[in-house]
Amino acid sequence: MYEIADKLQNLVPYDPIKGNYKIRLDANESFVSTNPDELSAAVSGAVLNRYPDPYANDLINVYADLYEIDSDLITAGNGSDELISVILSSFFAKGEKILCFYQDFSVYSFFSFLYELDAVLEKKEADLTINIDAVIKKINSENIRGIIFSNPCNPTSLGIEKEDVKRLIESTNALVILDEAYMDFWEEEQSLIKETASYDNLIVLRTCSKALGMAGLRLGLAVSNTKITAKLRAVKCPYNVNALTQCAAAYFLRNKEEMKKRINLCKAAKEELYSGLISMDLPFIEKIYPSVTNFVLVKTDKAKEIFDYLLDNSIAVRFMGDHLRITAGTSEENKALFDALKKFK
Ligand SMILES: *Cc1c(COP(=O)(O)O)cnc(C)c1O
């Protein structure tokens, strides 16, 4: 009889919030939607009977132009989730140590587990920051081969200053996988996307799912030196980015003004959400973290009650133990959230 592999026995499918909630503030997506006519125009040139370009060259050139980087350093993926999977499955051998943080994006430790890496889970400080020097020491003393983390961080909404990230990269031989999914919301100067060529141990991950408003397309990008890029391109699935995505993403990313506008709309919405929450001074909220992302993390020992109450009011946020993570929505959505929270007892 066939037996499911041991490591799969307790796994269940990823299960985002189901149900028809009017207001979705749970997945850190952009609220800026695409005009259907523009979408039709964007994909009208797509060819479906042939396989797509395995390296998504047009798209990569447009992305390179938008961020002023060299297209030879970019690998496109079916979402950055795919790139995380490809990197963790290929750049490390079974049993090798990789450092992940708690709290951080759960996909890292999930894939580490799946590929039978030895995930060393480092707990963050009480204020959810990272002690970089302690981490450097740990990596170097425990033979850790890789480190993966998000900066800015999902779910803490905090950013690590660039100089600290550089010190980490420069102080270790481990491969540093730096997930900058939310960097568009912070400051361009905090990004290492333009500096990957000067490091032999750095992969920067970016995504079109957040600030650029294209989560539905599934497009992530890895940026690294040419040596690492050659290997990334060698190990990924040959046709990993489909023709419609390549076509549509290239079309939208070419419009730099629109991309800037999308980013700024979400940044303004985050300011509105953050200052709104602060000014309400709700007695059941213990702490509101300063955010350099498009979401706000709040600490409350009523997290579950508030989460359920908001769902009853058709507002979905993300429940995380004694925290709630709330994505910035439109002004109307943010206001609906404030109104609901005011009535929470
Ligand atoms: C949302 C998110 C991503 C994006 O993943 P995609 O597969 O590109 O949609 C990557 N990293 C973090 C930390 C995220 O929160």
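First listed ligand is number 1; within each ligand, the first listed atom is number 1.
- Remark: distances from the non-hydrogen atoms of Glu82 to ligand 1 are all 4.0 Å or more.
- In this structure, the protein non-hydrogen atom closest to atom 7 (O) of ligand 1 is Arg218 NH2, 2.6 Å.
- Ring to ring, Phe344 and Phe284 are close: their centroids are under 6.0 angstrom apart.
- Checked against a 6.0 Å centroid threshold, the rings of Phe101 and Tyr108 do not count as neighbours.
- Here's the thing with Ser150: none of its N/O atoms is less than 3.5 angstrom from an N/O atom of ligand 1.
- Of the N and O atoms on the side chains of Ser224 and Thr229, at least one donor lies less than 3.5 Å from an acceptor on the other residue.
- Side-chain contact annotation: Glu82 with Asn240, donor-acceptor N/O pair under 3.5 Å present.
- For Pro155 against Arg325, the heavy-atom pair with the smallest separation is CB-CD, 4.0 Å.
- Counting the atoms of ligand 1 from 1 in the order shown, those under 4.0 Å from a heavy atom of Asp81 are 5 (O), 6 (P), 7 (O).
- Closest to atom 5 (O) of ligand 1, if we only count protein heavy atoms, is Ser80 OG, 3.2 Å.
- With respect to the salt-bridge test (charged N to carboxylate O, under 4.0 angstrom), the residues Lys261 and Glu258 qualify.
- Considering backbone and side-chain atoms together, Tyr108 places no N or O closer than 3.5 Å to any N or O of ligand 1.
- For the pair Asn28 and ligand 1, no heavy-atom separation below 4.0 Å is found.
- Between Ser209 and ligand 1, at least one pair of N/O atoms sits closer than 3.5 Å.
- Among protein heavy atoms, atom 11 (N) of ligand 1 sits closest to Asp179 OD2, 2.6 Å.
- Near Lys210, the atoms of ligand 1 lying under 4.0 angstrom from a non-hydrogen atom of the residue are 1 (C), 2 (C), 3 (C), 4 (C), 14 (C), 15 (O).
- When each of Arg318, Lys287, His323 is paired with Leu297, the side chain to side chain contact (heavy atoms under 4.5 Å, CB included) condition holds for His323 and for no other.
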